[in-house]
Structures are given as structure tokens and as C-alpha cells.
Number of protein chains: 2
Amino acid sequence: MAQHKKEAFGPKEQNLATFAKAISHPARIAILSQLAKRNECICGELVDVLPLAQSTVSQHLKELKTAGLIDGTIDGPRSCYCINWKAFEKFYNDFSSLFTKLKEANAKCC
Amino acid sequence: MAQHKKEAFGPKEQNLATFAKAISHPARIAILSQLAKRNECICGELVDVLPLAQSTVSQHLKELKTAGLIDGTIDGPRSCYCINWKAFEKFYNDFSSLFTKLKEANAKCC
DNA sequence: TTGCTTAATCGTTTTTATACGATGAATATA
DNA sequence: TATATTCATCGTATAAAAACGATTAAGCAA
């Protein structure tokens, strides 16, 4: 009895939740920060910076890519990643509207 | 070999990740939306609205409360919840700065 | 071709999350 | 007092996440 019921919710909530999950691990936030800091495509330098094994970093990169937050291209034997800004902006806007909506509920209760 | 290494990252990344995880499930986003919509404290009406069992809803509420996003008070045999706007604003600001930082990395690569 | 580098994937283990029914504690109400 | 209501907690089961070593595949260099 643990089949997930995420499909039982609306697409808006599902999308936001999926995005939130993508950035719900410090390693993935660190990856995004690195990609932003270097302002360029990065491949395995992330492994040197992060306190994680190569396979684990690759796994996190895959999740970010699946979520659409980063793009990856093959550059010879390496992989080059960068932020997918378009997707990011979409999610940021969705988040902003959620927060705005919640802000309107700033009532005195409890 | 699966001990989590979240402590190996900075507090900023950890905080953001914790918040993101709190809203990484559609049920919890739905709960927050309901709390916002009703603009008042809500107890078990959530169970009627959500496609989940009572114990499951209670569990999600607990997680939101642990993350500090909602407050709960006991009202007789019921429990009354509302959004903790202060905590929410803090996290929203943290998120905004992350997004702003990433936006500056909007370079042409890949 | 052979060997090296790079990174994705596989297989496995441990931990955490999700979900539910059942139980229990507390407050109302009859 | 007895009973019903409300909700948190417990116990449990299953699924997913997190992490690593080992292997594999692909490109490059000698």
C-alpha cells in the first residue's frame, strides 16, 4: 500500500512538485550554482568540486536533465552541461504566482 | 553505502533544499493552496478535498509544520492550520536570489 | 591497434518517502 | 458516564532516493 497518488492532483501542482523535487537536494543546487558561476558548459569538473563520487554526480545530472533544468551535449569524450534558462524561467514564474497567491492569504489566524 | 552527505554542503544550499523538499509533493502544494484559498485556519476539511486517507494528510501536515511553512494550533478536538507567512517569505527571497544568480549566467553555451 | 580518459550505466545497499489501516488520546455531546 | 468526533501516532508495506564501486562505451592519443 504505497502506490503513489501524484496523478490524482492537478497538472499545475504536479509540475511544481516535480520542479521542487529536482532542486530538493543540496548537491543539485550546488551543481546549478557551479554552472551559473562558470557561465559556461561544464563537464566533469563538478566531480572535483562536489563531495560525491563520479557516478553519483552523473546521477544528479541526469535528474536535472530529466526535469529539463539543464541541457547536455557530448563534446568528444566529455559531456558539457549548461542551464536551460527557458525552462527555469517558466518554473520561476509558476513559483512566483504560487507565492503571490499565498501572500494574499496573509490573514491573522491561529 | 547510502549514508546521506547533505551535511557536506553549505547551509544555504541545505536550507533551500529542505524547503524545496517540503513542497516537492503535489499533496503539500494542494494543502498550501487550500490554506490560502480559505484565508483561514483549516483542520480536517483537507481530508475531504484531498484524495488521500486521513493519516496520510496528517503526515503531510506534519512535514509542512516541521519545515516551518505552516502553524498549527489545537482547537478543541480539532487542529487548525495556517500558513506561516514569515517563513515563507524568507524562503521565497532565498529562492529569488538563487534564480537571479542563475539568470546572470544566461550565456550562450551548448 | 592499443591504451588512456571521460562519463554514463548497472547492480547493489541503505535510507527516506508515501500510503494506509488500526489504535489511542483528547474534547465534545447525549 | 457513556459515546461520538477529530486528529495524531504507531506499525507496516512498498516504492523511490541516494550513494558507491564496477563495468561499459565512446572518443582521443600514442
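Every chain is numbered from 1, with letters handed out A, B, ... down the list of sequences. In this text the structure is predicted, and so the values were computed from the model without any measurement.
In this structure a side-chain-to-backbone donor-acceptor pair under 3.5 Å is missing from S58(B) to S55(B).
Looking at heavy-atom distances under 4.0 Å, Q59(B) makes contact with a base. Nucleic acid contact for S58(A): base, since at least one base atom lies under 4.0 Å from a heavy atom of the residue. At a threshold of 4.0 angstrom between heavy atoms, the contacts of T56(A) include nucleobase atoms, whether or not backbone atoms are also involved. Using a 4.0 Å heavy-atom cutoff across all strands shown, K65(B) reaches no nucleic acid atom at all. Here L52(A) lies in heavy-atom contact (under 4.0 Å) with sugar-phosphate atoms only.
Of the candidates dA16(D), dA18(D), dT9(C), dT9(C) carries the atom nearest the S55(A) side chain, counting heavy atoms from C-beta on. Considering only the side chain of R28(A), dA18(D) comes nearest among dA16(D), dA7(C), dA18(D).
Judged by distance alone with a 3.5 Å cut-off, a donor-acceptor contact links the side chain of Q54(A) to the base of dA8(C).
Look at NZ on K6(B): it is 12 Å from C1' on dA19(D), rounded to the nearest Å. Between the NE2 atom of H25(A) and the P atom of dA17(C) there is a distance of 11 Å, rounded to whole Å. At whole-Å resolution of the value, CD in E45(B) and C1' in dC7(D) are 13 Å apart. As rounded to whole Å, 15 Å separates atom C1' of dA19(C) from atom NZ of K62(B). Put simply, NZ on K5(A) is 16 Å from C1' on dA17(C), counting in whole angstrom units. Atom pair L64(A):CG and dA7(C):P shows a separation of 16 Å (rounding to whole Å applied). Across the protein-nucleic acid pair, H60(B) atom NE2 and dT18(C) atom P stand 6 Å apart, rounded to whole Å. Atom-to-atom, CG of L61(A) to P of dA19(D) comes out at 13 Å; the value is rounded to the nearest Å.
At most 12 non-hydrogen atoms from other residues, nucleotides or ligands lie less than 6.0 angstrom from NZ of K62(B).
Residue-to-nucleotide proximity on DNA chain D shows that, of P77(A) and A53(A), the 5′-proximal contact is made by A53(A). Map D75(A) and K21(A) each onto its nearest nucleotide of DNA chain D; the residue landing nearer the 5' end is K21(A).
Rounding to the nearest 0.5 angstrom, the gap separating the CD1 atom in I83(A) from the CD atom in E89(A) is 12.5 Å.
In terms of phosphate contacts, R78(B) brings no side-chain nitrogen or oxygen within less than 4.0 Å of OP1 or OP2 of dA26(C). In this model, the phosphate group of dT6(C) is not approached by any side-chain N or O of Y81(A) to a distance below 4.0 Å at OP1 or OP2.
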Mind running ring pair (Phe, Tyr, Trp, His ring centres under 6.0 Å) on F95(B) and F99(A) for me, showing each step along the way?
CA-CA 11 Å; F95(B) 256 112; F99(A) 281 116; 7.0 Å; no

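Between H25(A) and H60(A), the angle of the ring planes lies from 30° to 60°, which puts this pair in the tilted group.
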